[in-house]
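Notes follow once the structure below has been shown.
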Amino acid sequence: TLINRSDAMNASANLAQSPMDVKREAAYRANNLGAALLEQYKAKDAVDSFALALQTKPDLLMARINLSIALFYLPDADGAKREAAKALGQDPHEPRAHYVLGLIARSQGDTDKAIAAFQEVLKVDADDVATNVNLGQLYAPPKKYAEARAAFTKALALVRYNQTAL
């Protein structure tokens, strides 16, 4: 039988991969599929895909964070908190994990915890527009107008036509 050059190159590339490389690639594929499913608002399917990625590679931080986001959108706030906390166990400065915790606290009406979590995000990325908008929205109801204005002004400086910050 004839083997074309592409098939031969793929076969040799697969032979060169170690079992760890194959496992890592499978975890990344599962994570990427989960991200695509989440973008299609298929949170349950995304949760399953991120769980598979973590079953394959338990220390894959991006899959852990993505799992917490997908669980938040199910909604499963307790599961989302659990996974965000695990992500922070891997990297205490991971802004996306803090952001998810901020969203959870905000959705549960815990303004103080939400503000604290969003402030952790800004320690790592002061230019995060969504975090600044969330903080502005959280500061306004208790009449912390100076803080709200500062957060909204920062968001507008970063994205001039941000309708939420306007």
Side-chain angles (χ1 to χ4, degrees), residues 19-142 144 147-148 150-152 154-159 162-165:
M20 288 290 271
D21 290 338
V22 171
K23 214 172 172 181
R24 185 187 73 236
E25 289 303 314
Y28 278 93
R29 274 193 303 278
N31 180 72
N32 291 342
L33 175 60
L37 290 165
L38 196 55
E39 288 175 359
Q40 297 171 30
Y41 303 101
K42 297 178 180 175
K44 173 64 177 110
D45 294 334
V47 165
D48 294 342
S49 194
F50 297 132
L52 176 61
L54 290 166
Q55 180 182 355
T56 306
K57 187 167 175 27
D59 64 340
L60 187 59
L61 182 58
M62 75 174 93
R64 179 87 49 211
I65 292 163
N66 287 338
L67 177 57
S68 72
I69 294 166
L71 288 166
F72 175 73
Y73 285 115
L74 266 182
D76 176 359
D78 291 337
K81 273 188 208 178
R82 179 189 66 242
E83 296 304 324
K86 286 181 185 178
L88 289 173
Q90 285 180 255
D91 180 355
H93 306 290
E94 171 48 59
R96 295 164 299 178
H98 287 291
Y99 187 83
V100 171
L101 291 173
L103 291 177
I104 293 166
R106 184 173 182 194
S107 73
Q108 295 175 338
D110 193 337
T111 301
D112 292 338
K113 277 188 184 174
I115 289 171
F118 289 132
Q119 287 173 338
E120 288 297 317
V121 174
L122 294 183
K123 287 179 184 176
V124 178
D125 184 2
D127 292 339
D128 188 90
V129 174
T131 299
N132 279 292
V133 168
N134 271 290
L135 281 170
Q137 292 172 334
L138 287 164
Y139 286 136
K144 294 181 180 181
E147 293 92 335
F152 286 136
K154 177 72 173 185
L156 282 171
L158 295 164
V159 179
N162 185 304
Q163 293 298 310
T164 308

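Everything numeric here is computed off the predicted structure, so don't read it as measured data. Numbers for residues simply follow the sequence, beginning at 1.
- For the pair Asn132 (side chain) and Ala126 (backbone), a donor-acceptor distance under 3.5 Å is present.
- At a threshold of 4.5 Å between non-hydrogen side-chain atoms, the residues Leu103 and Phe118 count as touching.
- In this structure, CG on Asn66 lies 11.5 Å from CG on Leu37, to the nearest 0.5 angstrom.
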Kindly determine whether Val100 and Arg96 satisfy side chain to side chain contact (heavy atoms under 4.5 Å, CB included), including the steps that lead there. CA-CA 6 Å; Val100 171; Arg96 295 164 299 178; 5.6 Å; no

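- Inter-residue side-chain proximity for Leu52 and Leu33 is flagged as unmet; no heavy-atom pair is nearer than 4.5 Å.
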Steps toward side chain to side chain contact (heavy atoms under 4.5 Å, CB included) verdict (Phe152, Asn162): CA-CA 9 Å; Phe152 286 136; Asn162 185 304; over 6 Å; no

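- Atom CG of Asp127 is separated from atom CG of Leu158 by 4.5 Å, given to the nearest 0.5 angstrom.
- Residues Gly34 and Ala46 come closest through the heavy atom pair O-CB, 3.4 Å.
- Within the model, atoms CZ of Arg106 and OH of Tyr99 stand 8.5 Å from one another, a figure rounded to the nearest 0.5 Å.
- Shown here for Val124 and His93, the closest heavy-atom pair between the two residues is CG2-O, 3.2 Å.
- A pairwise comparison of heavy atoms in Ile104 and Ala80 identifies CD1-CB, 3.6 Å as the closest pair.
- Closest approach of Ala87 and Ala97 over heavy atoms only: CB-CB, 4.0 Å.
- Scanning both residues, Gly102 and Ala114, for their nearest heavy atoms gives O-CB, 3.6 Å.
- A distance-only check finds no donor-acceptor pair linking the side chain of His98 to the backbone of Ala84 [under 3.5 Å].
- Atom CD in Gln90 sits 11.0 Å away from atom CE in Met62 (nearest 0.5 Å).
- Between Arg64 and Asp59 there is no salt bridge, since no side-chain nitrogen of the basic residue lies less than 4.0 Å from a carboxylate oxygen of the acidic one.
- Here the side chains of Asp76 and Asp78 are in contact, with some heavy-atom distance below 4.5 Å.
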Please assess Leu74 against Leu71 for the test side chain to side chain contact (heavy atoms under 4.5 Å, CB included), listing each intermediate value before the final yes or no. CA-CA 5 Å; Leu74 266 182; Leu71 288 166; 3.9 Å; yes

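- For Lys86, the NZ atom sits in a packed shell: over 12 heavy atoms of surrounding residues, nucleotides or ligands are nearer than 6.0 Å.
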Ile69 and Phe50: side chain to side chain contact (heavy atoms under 4.5 Å, CB included), yes or no, with the steps? CA-CA 10 Å; Ile69 294 166; Phe50 297 132; over 6 Å; no

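- The shortest side-chain heavy-atom distance between Leu135 and Lys154 does not fall under the 4.5 Å cut-off.
- Side-chain N or O atoms of Thr56 include none that pairs as donor or acceptor with a backbone N or O of Ala27 at under 3.5 Å.
- Nearest heavy atoms, Leu54 versus Leu60: CD2-O, 3.5 Å.
- Between the CD1 atom of Ile65 and the CG atom of Asn31 there is a distance of 9.5 Å, given to the nearest 0.5 Å.
- Asp48 and Lys44 are joined by a salt bridge, as a carboxylate oxygen and a charged side-chain nitrogen come within less than 4.0 angstrom of each other.
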